[in-house]
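One structure is given here, and the rest of the page talks about it.
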Amino acid sequence: MRIAELSEYLETEFEYPIDQQSVIERIGSVELDSPDVDHPETVEAVVDPVGQETYESAEELFATIVGNVSDEYIGRKFYDDRGGNPPATASAPRDDENVSF
């Protein structure tokens, strides 16, 4: 399933609040597609380590899933289309590729 479709799916799939175990039992095997991943993560792999007991809304569950997917689901890391690169620091790598749209 594409992440773009996930929010609506979570709205229609469950009644809230719902506990984490019920989420895993019902949709844990759903794979989250990513353009840069050969083996997509499942919902269970993303939410199980979080350890949250209940989700009060679809928005909360969606935020948990999107906030915990691996780095492969993120576009160009540290990319900012609003200006130049910030000064190089030890913790923030630079993206020296100059891309114009």
Side-chain angles (χ1 to χ4, degrees):
M1 171 175 293
R2 294 178 42 203
I3 297 250
E5 301 164 347
L6 184 60
S7 182
E8 184 178 332
Y9 176 74
L10 296 174
E11 279 283 340
T12 60
E13 186 66 22
F14 300 117
E15 289 186 27
Y16 296 89
I18 189 165
D19 64 275
Q20 181 178 7
Q21 191 57 42
S22 295
V23 171
I24 292 171
E25 288 172 3
R26 289 183 50 194
I27 66 166
S29 63
V30 171
E31 292 182 338
L32 303 171
D33 297 334
S34 170
D36 298 332
V37 177
D38 292 332
H39 304 287
E41 293 183 16
T42 63
V43 170
E44 179 177 11
V46 175
V47 299
D48 191 42
V50 174
Q52 186 165 337
E53 291 185 25
T54 61
Y55 298 96
E56 298 297 323
S57 66
E59 293 84 14
E60 183 179 6
L61 179 54
F62 178 75
T64 299
I65 293 170
V66 170
N68 290 288
V69 292
S70 64
D71 290 348
E72 287 82 15
Y73 289 81
I74 300 171
R76 287 177 51 195
K77 285 181 158 183
F78 308 108
Y79 176 74
D80 181 4
D81 65 350
R82 297 176 188 232
N85 286 318
T89 64
S91 63
R94 291 182 52 85
D95 183 0
D96 292 326
E97 183 178 329
N98 187 8
V99 178
S100 178
F101 295 98

Exercise. Tell me, yes or no, whether the heavy-atom count around E56 atom CD, taken from other residues, nucleotides or ligands under 6.0 Å, exceeds 12.
Key: yes

Practice problem: State yes or no: do V23 and V50 share one hydrophobic cluster built from I, L, V, M, F, W and Y residues joined by side-chain heavy-atom distances below 4.5 Å, directly or via other members? | Solution: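 No, separate clusters.
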
To the nearest 0.5 Å, what is the distance between [atom1] ([X]) and [atom2] ([Y])?
X	Y	atom1	atom2	value
E5	D33	CD	CG	8.0 Å
L32	I65	CG	CD1	6.5 Å
M1	T42	CE	OG1	13.0 Å

Quiz item: How close do V46 and E41 get, heavy atom to heavy atom, and via which atoms?
Solution: CG2-OE1, 3.0 Å

Exercise. Identify the two heavy atoms, one from V69 and one from V66, that lie closest to each other, and give their separation to 0.1 Å.
Key: CG2-O, 3.5 Å

Let me check something: any side-chain donor-acceptor pairs from residues 10-21 under 3.5 Å, sequence neighbours excluded? List them with distances.
from	atom 1	to	atom 2	distance (Å)
T12	OG1	E8	O	3.4
T12	OG1	Y9	O	3.2
Y16	OH	L10	O	2.8
D19	OD1	S22	OG	2.8
D19	OD2	Q21	N	3.2
D19	OD2	S22	N	3.0
D19	OD2	S22	OG	3.3
Q20	OE1	Q52	N	3.2
Q20	NE2	V47	O	2.4

Practice problem: List for me each residue that meets side-chain hydrogen bond (donor to acceptor under 3.5 Å, both in side chains) alongside S57, sequence neighbours excluded, and say none if there are none. | Solution: E59

Quiz item: Counting N and O atoms only, with roles assigned by atom type, does the side chain of N68 sit under 3.5 Å from a partner on the main chain of T64, one being a donor and the other an acceptor?
Solution: yes

